[in-house]
Amino acid sequence: MITGARLGTLTGFRRLIASAMSHDLNVFLVPGPDIARAQGLDIESSGLQPVASPRHANVLLVMGPVTPALQEATAVIYAQMVRPRSLFVLGAQDLSSLPAADVEAELSQQGLIEGVNRLRRVFSESAFRPSISDFDVPILQIRIEYTCSMHPEIVQDEPGSCPRCGMFLIPREVQSMAEHRHMNHQKINTDAEIPVTFTHNHGDHQHDASMEYTCPMHPDVVQNEPGSCPRCGMNLEPRESQTESDHDHHHMDHADQGNMNMDHDDMGFMSMIDVTKDLPRSEDGLPMEWIDAPFGPFFPGLPGGLLLLLTLDGDAVARSETHCLSENTELVQSPSMEPPNFIERLTCVNPLSPIAYRLLACRALEHAAGIDISAETARARIGALERERIASHLGWLALFAQQTGFDWLMRRAASLQLKFLTAEFQQIKVLKPSVLALIKRLQQTPLLKSRTANIGQLMADIVSYGPVARAAGIDNDARNDDKICVALGFTAVKQIRNDVLARLQVRLDEITHTLMLIEAADAVVVPVSNTVGKISSSGEARVETPRGMAHLQLTLENGQVMTAQLDAPSTYHLNLINPMIDQQELGDALMAVNSLDLSPWEVLQ
Amino acid sequence: MTAQTFFIGFFGVAAVWFGIVVFRTFSMVRSALALLFSQTALGAMFLSMQVEFLGVLQIMMMATEMTIMAIFMVMFMMDPGGLGKMDMTHQKRLSLAVGIVSFVAAVAVAVFIDWGPLASTAPDAAQQTVDLGLELLGRSMLIFETAGITILTSMIAAIAVAIQPLKRNDKS
Amino acid sequence: MSIEFLLALMSGAALFGVGIYGALSQTNLVMIMMGVELILAGAMVNLLAFWRYLHPDNPAAQMFVLIIMTVMAIEMAVGFGVAIARFRARGSVEMEEAAELKG
Amino acid sequence: MTTVFILISLVFGAYLVAVIEDWALTGRFRLTAPVFSALALLGRESVLPRKLDRVFFEVAPVLLLLSAVLAVAVVPLSPDLIITDLATGALFINAALVYVLVALLMAGWGPDGAYAMIGGWRFLGQLIAYAMLIVMPLTAVVMRAESMLTTEIVVSQAGLWNIVYQPVGFVLFFIAAMALAFLPPFDLPTSKGDLAGGVEAEYSGVRLAVFRLGRLVLIITLAAATVIFYLGGWQGPWLPPWAWSAIKILVVTAVMLLGGRMLPRIREAHLLSWCWIFGIPLALLNIFLVGVLVLVFP
């Protein structure tokens with residue numbers, strides 16, 4: 001029984017189509033393919049075919065953590081899928097804003113395969129149903145209001161002509177709720193009416209007092225608000241008062257022709273110059289309309305959970321705004337937490353690198369309790385951390401390949417990442433030649449160097465961590481001052497070019513270097529928390545996660561964790577985005593954002 | 001020969017109707033593509049008049065030209081989507097009168113002049129192409145080469161005009 | 001035979017009329033150029049009609065049609081060059097504002 | 001009769017292209033997958049975006065399919081198996097395939113979505129890059145055959161195929177053909193990573209099925225054009241002519257689909273500059289060389 005079935009009884013021909021649909025399951029992944037791979041799910045081999053747009057999907061697969069902010073976006077995605085559609089949930093999730101899940105399974109590859117079989121049966125039985133239930137999303141309720149394309153300040157609730165320029169008012173949908181945020185990447189940009197009507201979003205631009213209205217024929221008639229001239233009935237023209245108004249024409253090269261009062265023939269001709277006068281101009285000086293496009297939380301080229309609101313001038317980015325819709329709440333939920341629960345809590349903060357955060361929690365607790373661990377377990381822990389670094393870098397390579405349309409690399413990197421996630425020490429030795437072959441072949445791919453060279457340049461003096469910093473020549477690796485790592489022969493890997501190519505190169509070199517480190521550590525054991533007595537003190541620890549150095553401070557009150565404060569690299573990398581992608585072509589901008597390897601999950605608000 | 005007449009008439013009417021749509025529609029991209037389809041109908045008319053090479057050439061060239069015109073219209077127009085129903089014309093009555101007068105004059109010329117004997121057949125397509133080739137590189141070689149050179153100079157001139165003026169530091 | 005000839009000439013004349021209406025009535029440079037394109041298209045039809053029905057053996061007419069195609073291309077290229085320059089300087093290509101030649 | 005036969009072989013060819021593309025995408029050779037996905041698409045709802053340009057949205061997929069099928073009209077699968085042998089056959093293929101751009105522009109402008117619109121205008125930029133690189137190598141091929149009749153072109157390659165006679169022309173034509181069919185290294189209009197499906201993002205149901213069928217037929221048409229211009233059409237020892245045509249077309253399609261997967265998507269700026277700075281001079285050089293060869297060895 002799928003709630004998103006299509007109207008119609010299951011006749012002969014429709015039965016054939018329903019069985020065809022059960023064999024052709026196109027899936028849209030929430031929160032994203034990178035999270036699915038990080039949790040060890042192999043989507044392709046399970047029979048599901050991931051697609052880029054909800055319009056093409058008939059299965060919505062929800063797995064991994066879905067924060068309240070993401071739920072609203074998930075609901076909008078589900079509303080956009082085409083019937084017959086189904087909802088497939090892995091792992092226990094409370095999805096209030098979505099209808100009941102059609103198929104539920106536990107979060108593992110086995111659960112996925114068994115769920116897909118159940119999904120096939122459900123589709124072939126009930127793709128078409130005589131009675132269907134409608135599904136609606138509060139954010140998509142719209143109210144029609146009428147505005148003028150030349151003067152967006154004029155808004156009416158009923159159709160008519162614009163008082164100022166006589167043009168027909170165009171209908172525009174606006175969220176019926178008061179606040180409306182571009183929640184989701186595939187929402188049809190109803191109120192951004194991109195190419196169809198020419199409006200520069202002056203929504204927040206109030207008419208300051210200095211704007212006054214005069215009649216071209218009778219300059220002595222001056223009013224403060226638009227209307228028609230009492231003498232001749234002509235539409236009054238806006239004119240800045242003599243004092244130059246404090247419009248922030250930031251980079252407007254104001255041709256000093258002032259406000260030409262052209263003579264209007266009968267129809268009150270609306271000159272384009274008035275309209276584009278205060279339009280922000282792009283670098284090439286051509287005043288054109290900018291498009292607001294959300295590249296939202298589930299965009300196939302960006303990490304799951306990251307929302308980029310780009311204002312595009314043609315296909316160059318004029319302005320950008322970044323939101324993390326997947327940021328978690330407080331680390332310590334109840335007033336105090338048992339250490340083992342705290343370690344579990346920290347492990348699932350960032351699904352992309354769970355072991356690194358588990359190690360961070362263990363080290364902080366040991367530092368607080370003053371326990372020091374044997375060299376043997378320390379080496380084994382480093383082996384586990386390095387193995388996760390390789391898996392994380394391979395996951396990033398797969399996402400990078402998906403963004404640049406490099407299908408061969410995406411499939412190879414994804415399969416290797418899945419193998420590395422659960423590889424024992426012996427298996428790592430077996431996998432080593434295939435990883436090195438992948439890296440060598442990647443470095444010889446034509447078009448790659450030209451595609452990534454000097455894109456996403458960062459200024460030298462910015463704060464950055466991990467591979468992004470090492471690509472700029474700054475070595476702030478936490479492993480330098482870790483005696484055991486240095487004993488195992490760790491040396492930082494650096495580049496100078498500070499662009500997407502350098503970051504790619506740093507990550508590839510780190511993979512080869514880490515393989516050597518794991519062999520030196522010759523053991524891979526997931527860190528285990530040991531008992532912490534009834535003590536009350538504070539501890540702190542640093543671990544080099546695959547994305548950079550993470551720093552944790554916590555305070556203990558007789559064996560209970562009271563407060564914890566996590567400082568993750570992605571919080572700093574978020575504000576690198578805007579300066580980096582300013583005036584960049586859209587494809588280059590998305591690739592630059594991708595090269596930072598952001599994990600929106602570790603950003604704690 | 002009625003099939004050929006029908007096709008010529010049909011494509012002629014289509015070309016004129018699309019030509020009218022070009023100026024009546026409010027959406028700019030629609031008017032650019034209307035012009036495109038009017039030129040394509042013209043190319044089809046050439047084909048039905050057994051002028052094969054020029055018909056195919058017309059169909060090919062006009063498609064690229066008019067799409068490039070479409071992007072310029074979106075760039076320059078205030079309301080490319082045409083939802084504001086903005087009337088961007090002036091002196092409508094005068095231009096309508098001049099248009100009709102010129103149409104009537106051309107039709108009068110076409111109807112009242114005695115054209116003399118009309119040829120019934122035209123050389124077949126391959127022969128036409130060969131004759132055109134020989135003509136291009138034979139008698140009117142000079143015209144053909146000057147046309148090529150003028151296109152080159154007009155490309156360079158257009159780019160020179162359109163390039164952003166260098167920001168002279170001394171604001172003269 | 002003469003009906004086809006007349007049909008071709010009439011459609012050429014009609015295109016010519018529509019082109020002139022468009023060129024004169026529109027206020028935007030780009031629309032005026034579209035009007036001119038229609039006028040040239042009308043001229044091409046007439047030329048080909050004359051070639052097909054009056055002098056099918058003389059390829060000079062076809063040569064002339066090629067020249068008209070190049071004229072169309074040149075007119076578009078230079079027209080848009082001027083339009084871009086004007087759009088950058090003035091912010092619009094409305095012919096209403098093109099009152100003076102300065103600047 | 002030949003028209004019906006060619007249309008049937010076209011549909012069967014489109015099915016084989018779908019199988020090869022599915023194999024390239026998922027690494028599994030499943031013969032039934034395209035049939036299931038076609039039936040499933042027909043069964044799905046076809047949704048219209050809220051504020052769309054209805055004419056463009058409806059016409060675009062049909063125009064894409066029409067332009068691809070029209071281009072097949074002049075493709076000879078064997079000496080007598082051709083729908084209409086136009087005197088200007090080679091030029092007619094290019095004239096029909098230009099409307100792929102018009103169809104994608106309409107599909108981009110129709111649904112009023114940011115991704116679709118950017119995808120549409122990107123393909124216009126891509127046209128400016130590949131348009132010359134299709135016509136100029138074609139001129140060299142026609143020069144050698146001294147006629148634009150496609151059958152004449154194939155017959156002229158009896159002794160030596162054009163791929164050996166003018167290799168530079170072949171390479172340029174092949175790259176431009178992949179750019180025209182927006183295949184992976186040049187899939188700027190329908191890129192999954194940048195534009196979430198770009199031009200085809202807003203289509204669903206029957207319209208998406210027509211759009212994808214149009215794209216498959218386009219790939220078959222371009223492969224057939226490459227075969228008749230450069231790989232000697234139906235000529236080959238032992239096998240009957242139509243068998244040779246079928247084999248060659250499938251090989252070229254497989255190379256087009258599998259080769260593209262090995263490269264990242266090209267930047268539009270690079271595509272334009274390389275085509276104009278390296279491509280066109282090479283094409284002119286190719287025309288000059290073929291001219292010399294034709295004159296020296298008649």
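As a basis for the values below, the full set of heavy atoms in this structure was taken, side chains included, without hydrogen atoms, waters or symmetry mates. In what follows, every chain begins at residue 1, and chains take the letters A, B, ... in the order their sequences are listed.
Along residues 16-29 of chain D, the residues that come nearer than 4.5 angstrom to chain A, judged on non-hydrogen atoms, are D:Ala24, D:Leu25, D:Thr26, D:Gly27, D:Arg28 in order of number. Within residues 208-216 of chain D, the residues having any heavy atom less than 4.5 Å from a heavy atom of chain A are, in residue-number order, D:Leu208, D:Arg212.
In this structure D:Arg265 satisfies the salt bridge (Lys or Arg N to Asp or Glu O under 4.0 Å) test together with D:Asp187, D:Asp194, sequence neighbours excluded. The ring-ring contact (aromatic ring centres under 6.0 Å, His included) check on D:Tyr130 picks up nothing, with sequence neighbours excluded.
Among all heavy-atom pairs drawn from A:Arg451 and D:Arg267, the shortest one is NH1-CG, 2.8 Å. Minimum interatomic distance between A:Ile17 and D:Gly43 (heavy atoms only, all atoms of both residues): CG2-CA, 3.6 Å. In plain terms, the two heavy atoms of A:Pro446 and D:Pro264 that are nearest each other are O-CD, 4.0 Å.
Contact annotation for A:Leu409: neither backbone nor side-chain heavy atoms come within less than 4.5 Å of a heavy atom of chain D. Heavy-atom distances place no part of A:Arg14 under 4.5 Å from chain D, backbone and side chain included. For A:Ile455, the part lying near chain D is the side chain, with the backbone staying farther off; criterion is any non-hydrogen pair under 4.5 Å. Only the side chain of A:Asp588 comes within less than 4.5 Å of a heavy atom in chain D; its backbone stays farther off. The contact between A:Leu448 and chain D is made by backbone and side chain atoms together, counting heavy-atom distances below 4.5 Å. Looking at A:Thr445, only its side chain comes within 4.5 Å of chain D, counting heavy atoms on both sides.
Separating the CZ atom in D:Phe36 from the CE atom in A:Met21 is a distance of 13.0 Å, to the nearest 0.5 Å. Here the CD atom belonging to A:Gln403 is positioned 8.0 Å from the OG atom belonging to D:Ser191, to the nearest 0.5 angstrom. Note that OG of A:Ser53 and CD of D:Glu200 are 8.5 Å apart. Values are rounded to the nearest 0.5 Å.
Per-residue heavy-atom pair counts under 4.5 Å with chain A were compared for D:Leu263, D:Ile266, D:Leu39, and the maximum is reached by D:Leu263. With chain A as the partner, the residue from D:Val35, D:Leu188, D:Ile118, D:Thr32 showing the most heavy-atom pairs under 4.5 Å is D:Ile118. The choice from D:Ala269, D:Gly193, D:Ser46 that makes the most heavy-atom pairs within less than 4.5 Å of chain A is D:Gly193. Ranking A:Met591, A:Glu585, A:His56, A:Glu44 against chain D, the residue ahead of the rest is A:His56, based on heavy-atom pairs under 4.5 Å. Counting heavy-atom pairs under 4.5 Å between each of A:Asp315, A:Leu16, A:Asn58 and chain D puts A:Asn58 at the top.
Using a distance-only test at 3.5 Å, with no hydrogens or angles considered, no donor-acceptor pair links the side chain of A:His23 to the main chain of D:Ala40.
With contacts defined as side-chain heavy-atom distances shorter than 4.5 Å, the pair D:Arg261/A:Arg411 does not qualify. You'll find the side chain of A:Asp407 stays beyond 4.5 Å of the side chain of D:Met262, heavy atoms only. Counting heavy atoms from C-beta outward, A:Ser450 and D:Trp274 have side chains that approach closer than 4.5 Å. Considering only heavy atoms from C-beta on, A:Leu586 comes within 4.5 Å of D:Leu195 through its side chain.
Ring geometry for D:Tyr115 against A:Phe295 counts as perpendicular: the plane angle is over 60°, on a 0 to 90° scale with 30° as the lower cut.
Applying the side chain to side chain contact (heavy atoms under 4.5 Å, CB included) test between D:Glu45 and each of A:Arg55, A:Arg83, A:Met81, A:Arg85 identifies A:Arg83 as the sole match.
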